[in-house]
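Position 1 is the first residue of the sequence; numbering continues from there.
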Amino acid sequence: MKTAVFSIISPNYRYRARLLMESLREHQPEWERFVLIVGDEAGSRDHEAFTSIPIGDLSLPNARQFYFRYTLLELNTAVKPWMFALLFARGFDRVVYLDPDIVVYSALVEVDSPAPDSFLVLTPHLTGFISGENHPSERTILQAGTFNLGFLAVTRHEALSRFLSWWQEKLEFQCVIDLERGIFVDQKWMDLAPSLFPDVRILRHEGYNVAYWNLEHRTIAGEGRDTTVNGQALRFLHFSGFDPEFPRDVSRHVNGLKLDKIGVAAASLYRNYAAALRTSGAPLSRHAPYAFGVFSDGAPVPDAARIAYRNSPSLQAACGEDPFQHAEKFRGMYDRSRNPRAARVAVETYTLLSRARPLVRLMPRSLRSAMREFLLGRRDAVPAAPRVESQLPAGLNIVGYVTRDTGVGESARLCANACDAAGVPNHLIDVDRRDGLAKQAVYRTTIHHVNADQVPAVYREIPHIFTSSGYNIGCWHWELPELPDEWIASAEPFDEIWAPSAFIQSAISASVTIPVVHMPHGIEVANREACAPEEFGVPKGRFTFLCMFDLSSIPARKNPEGAVEAFRRAFPTGSSPALLIKVGHAEAHPEVYQQLAKQFRDVPNVYLTDRMLTRARVNGLLSSVDGIVSLHRSEGFGLILAEAMSLGKPVIATGWSGNMDFMNAGNSCPVAYELVTLDRDYLSYRAGQRWAEPDIDHAAYLLRRVVENAAYRKRIGERARATIRSEFSPAAAGRRYRERLARLGLLDRFALPSRAREAAGR
């Protein structure tokens, strides 16, 4: 029987679908595998174990209205019957659906050998009793639906057309989470299927759809291919609600259910799944933007807007064919009124809660966000810049610390390079210049390369730049998953924020209400001046790794000790490669530098220098070393890593945070890690936040592999160079700038500068 199997994801779940489809390729190789992508795709994935289907291929009625009325979860379930219809139209005799957070552990024999005339195959949530009333309970299962639609198998049958028409009719408008009305997305409707349609089979095999809701009465034993559930072979485990960043919790849907409470064999499956997720692209994919999460002007679409739209015929009529074009119809939903006394009490309450941050962090993120919004409202550290109708020409003012030798200063310079490459007129404004004439807006749009903590000071310094610009953009860097609460009000003067990495985008967008746009830097290592490791004491001819960081960037985050320990384990005896540690701004942190010098003094083949270099000499050093090591605990972007990759250098770095925008196992060496909670403050990095603790042994293995395997070293170096040059070059970044500004109506037609003309000519 010709069979198709599919799953449905938005781009942020690609890494889970990848594991599902690889498990199906192993255990059901004869089934053709598909994944429906709900939202924008981030490039082609020809090497995947499945065929991607864009949502635009479905025959959805009034597609833009369909996308708008549903939340992400609702939309990903509402489109299911249309995907079934598409695959049956392609000639398949049987179509199987599996949720993306499933892994198959053995062949689905019971599905592959159906009973005669079997039409629908459903699996029940429960095949045993659940005690108590805490979730999951028999009552909550009744609310969600008898059958779990993480799995459904449909075979071509005389009732097929009638079934799909009925299901589509229900899900076009009623695939919602509304427990008071007895509806839970697509799932609750399927309770009617056994009585409405013939030949419906309820598959009670307890090796199917094992998940948190039935673990109380399903015992997992054994390991590998011999894993069983209540004595039957494990077919697939549904990791519903499991988050690899909280690997001790079984599911976010159940408070208090830990891996150590579900048995050794079951816990082992969860731990293995967490490890597999980390290597399948989780750090990059999980922050992928959702195409239907913003209006056409880039403003986020709140769930309240979707609910209001689907419940209001007049609002539907006013929005026409494409409600995404009508952000103005929904902006009133954000208005809040607060009397001064209540606001003062709220701020005092918030201050008290902040002191108990470790306890507050135990609350769900959504509750913490709601508390912060309710208590603080719009507490203004800096005023919102008044909206003006700018008469200035189209182009971009670039505000920043243009002459500083810092990452934020480099951010502004990279922005100017990208604008030049793409023909976007630009004007640099150096915050540090004392010449007032140099601090004037020339163009109607301004981007401020100033981090959130410095925005109030810069606003006081140059308020006229904010007020004379028709549109203000902030470009912020941040290195942890949550933006500090006291920085949230720094977004007030801006119309939107540009985030150099998806990691930064995720952190900022969770805290502010303006659009946060993923806008990576454009990387180019030009103006190189010779600078060899031998200048810093490294013997000539040694294979040399470089670990480079600034002491102003909080050494605990950069973790040079981790790099040294991994190097020591990789090359414990005899002659070996060298590790050169280059630190910046040691003169401002003499005690920290002396402590590092003392720590590393007796480690063979480790060389430490605090010599300051020009940018051209830094580029020369990057060109002359053989590899880069960064066992950081977090990075906002990872500029040095991207620059090294643009030169074709092998990069060994912690596989978490901003650098995973451009790093993957095919073009570099991501190091395994475990997320840990900070037990104390590190300046602005507050206790209770999370960062990565790299696996030193894994890093040591990768160091040895890079040294010993020349073919591997060459392969990842070539792929690294190709990745940066195709996706993260100044030209690529500049194109993203042009597209965004044009979409906002902020660019007119103008002549391309010479560099862009040359690029266009090539």
**Study point:** Side-chain heavy atoms of L86 within contact of L58, under 4.5 Å
**Key:** yes
Point to revise | Shortest non-hydrogen separation from S23 to V104 and the atoms involved | key: OG-N, 3.0 Å
Check your understanding: In chain order, what residues pass the ring-ring contact (aromatic ring centres under 6.0 Å, His included) check against Y67, with sequence neighbours excluded?
Key -> F292
Point to revise | Q316 side chain vs R310 backbone, donor-acceptor pair below 3.5 Å | key: yes
Review point. Counting only N and O atoms by type, is there a donor-acceptor contact under 3.5 Å from the side chain of R33 to the main-chain atoms of V5?
Key: no
Practice item. Please name the pair of heavy atoms, one in D101 and one in G241, separated by the smallest distance, quoted to 0.1 Å. Key: OD2-N, 4.2 Å
Point to revise | Those residues that, when tested against E496, pass side-chain contact (heavy atoms from CB on, under 4.5 Å) (two or more places apart) | key: Y471, I473, W498, P515, V517, R740, L744
Practice item. Using a cut-off of 6.0 Å, state whether more than 12 heavy atoms not belonging to E30 lie near its atom CD. Key: yes
Check your understanding: How about I53 and V35: do any of their side-chain heavy atoms sit closer than 4.5 Å?
Key -> no
Practice item. Tell me yes or no: between the side chains of S165 and Q168, is some donor less than 3.5 Å from an acceptor? Key: no
Review point. For the residue pair S240 and S251, what are the closest heavy atoms and their distance?
Key: O-OG, 3.0 Å
Review point. Between F728 and H521, is a ring pair (Phe, Tyr, Trp, His ring centres under 6.0 Å) present by the stated rule, with each step listed?
Key: CA-CA 6 Å; F728 297 91; H521 292 309; 9.9 Å; no
Point to revise | salt bridge (Lys or Arg N to Asp or Glu O under 4.0 Å) partners of residues 53-70, not counting sequence neighbours, each pair once | key: R64-D322
Practice item. Look at the rings of F6 and F84 and say which category their plane angle falls in: under 30° parallel, 30 to 60° tilted, over 60° perpendicular. Key: perpendicular
Review point. Between CG of L19 and CG of L277, what distance do you get to the nearest 0.5 Å?
Key: 5.0 Å
Exercise for review: Side-chain contact test, heavy atoms from C-beta onward, threshold under 4.5 Å: evaluate it for F295 versus P300 and give yes or no.
Suggested key: no
Exercise for review: Please check if the side chain of Y70 supplies one atom and the backbone of F173 the other of a donor-acceptor pair under 3.5 Å.
Suggested key: yes
Exercise for review: Compare every heavy atom of I514 with every heavy atom of A491, then report the nearest pair and how far apart it is.
Suggested key: O-CD1, 3.9 Å
Practice item. Taking only Lys NZ, Arg NE, NH1 and NH2, and the carboxylate oxygens of Asp or Glu, determine whether R252 and D249 approach each other closer than 4.0 Å. Key: no
Check your understanding: Between Q187 (side chain) and A144 (backbone), is there a donor-acceptor pair under 3.5 Å?
Key -> yes
Check your understanding: Is the shortest side-chain N to carboxylate O distance from R736 to E727 below 4.0 Å?
Key -> no
Check your understanding: Quick one: ring-ring contact (aromatic ring centres under 6.0 Å, His included) partners of H125, sequence neighbours excluded?
Key -> W213
Practice item. Assess the side chains of N667 and T723: does a donor N or O sit below 3.5 Å from an acceptor N or O? Key: yes
Point to revise | Between F236 and Y208, ring centroids under 6.0 Å | key: yes
Point to revise | Donor-acceptor pair, side chain of K188 and main chain of L142, under 3.5 angstrom | key: yes
Point to revise | Contacts of type side-chain hydrogen bond (donor to acceptor under 3.5 Å, both in side chains), residue T3, not counting sequence neighbours | key: R94
**Study point:** Partner set under side-chain hydrogen bond (donor to acceptor under 3.5 Å, both in side chains) for S501, not counting sequence neighbours
**Key:** none
Review point. Does N62 have any side-chain contact (heavy atoms from CB on, under 4.5 Å) partners at least two apart in sequence or in another chain, and if so, which?
Key: Q65
Exercise for review: May I have all residue pairs that pass salt bridge (Lys or Arg N to Asp or Glu O under 4.0 Å) and include part of residues 146-156, sequence neighbours excluded?
Suggested key: none
Review point. Does L315 reach the side chain of F330, with side-chain heavy atoms less than 4.5 Å apart?
Key: yes
Practice item. Please lay out, stage by stage, how N148 and N209 fare under the test side-chain hydrogen bond (donor to acceptor under 3.5 Å, both in side chains). Key: CA-CA 8 Å; N148 181 263; N209 238 331; 3.2 Å; yes
**Study point:** Heavy-atom donor-acceptor pair, R444 side chain to L396 backbone, under 3.5 Å
**Key:** no
Review point. For the residue pair D297 and A327, what are the closest heavy atoms and their distance?
Key: OD2-CB, 3.8 Å
Practice item. Determine yes or no for a side-chain-to-main-chain donor-acceptor pair under 3.5 angstrom, with W478 supplying the side chain and E482 the backbone. Key: yes
Review point. Residues in side-chain contact (heavy atoms from CB on, under 4.5 Å) with A153, at least two apart?
Key: V96, V111, V121, F151
Review point. For the ring-ring contact (aromatic ring centres under 6.0 Å, His included) test, which of F163, F119, F88 pairs with H157?
Key: F119
Practice item. Using a strict cut-off of less than 4.0 Å between a Lys/Arg side-chain nitrogen and an Asp/Glu carboxylate oxygen, indicate whether R235 and E110 qualify as a salt bridge. Key: yes
Point to revise | Between Y212 and N214, a side-chain donor and acceptor under 3.5 Å | key: no
Point to revise | D99 vs S7, side-chain hydrogen bond (donor to acceptor under 3.5 Å, both in side chains): CA-CA, chis, key distance, verdict | key: CA-CA 6 Å; D99 269 356; S7 193; 5.7 Å; no
Point to revise | V103 and L237, any side-chain heavy atoms less than 4.5 Å apart | key: no
Review point. When you measure from the side chain of S469 to the backbone N and O of T445, does any donor-acceptor pair fall under 3.5 Å?
Key: no
Practice item. Please examine the side chains of E172 and F66, heavy atoms only from C-beta on, and report whether any two atoms are closer than 4.5 Å. Key: yes
Point to revise | Check: Q174 main-chain N/O paired with W189 side-chain donor or acceptor under 3.5 Å | key: yes
Check your understanding: Are K170 and C175 close enough, and set up right, to give a side chain to side chain contact (heavy atoms under 4.5 Å, CB included), and what steps lead you there?
Key -> CA-CA 7 Å; K170 296 303 178 189; C175 187; over 6 Å; no
Point to revise | Partners passing ring-ring contact (aromatic ring centres under 6.0 Å, His included) against F92 (at least two apart in sequence or in another chain) | key: F34
Check your understanding: Can the ring centroids of Y105 and H27 be said to lie less than 6.0 angstrom from one another?
Key -> no
Practice item. Would you check if R16 and I9 make a side-chain contact, meaning some heavy-atom pair closer than 4.5 Å? Key: no
Review point. So do the side chains of I8 and Y97 get within less than 4.5 Å of each other, counting heavy atoms only?
Key: yes
Point to revise | Counterpart residues, ring-ring contact (aromatic ring centres under 6.0 Å, His included), relative to W166 (two or more places apart) | key: F197
Check your understanding: Ignoring hydrogens and geometry, is there a side-chain-to-backbone donor-acceptor pair from S726 to A722 under 3.5 Å?
Key -> yes
Exercise for review: Quick one: closest heavy-atom pair of L152 and W167, and the distance?
Suggested key: CD2-CH2, 3.6 Å
Check your understanding: salt bridge (Lys or Arg N to Asp or Glu O under 4.0 Å): which pairs involve residues 78-88, sequence neighbours left out?
Key -> K80-D186
Check your understanding: Atom CG in L36, atom CG in N76: separation rounded to 0.5 Å?
Key -> 8.0 Å
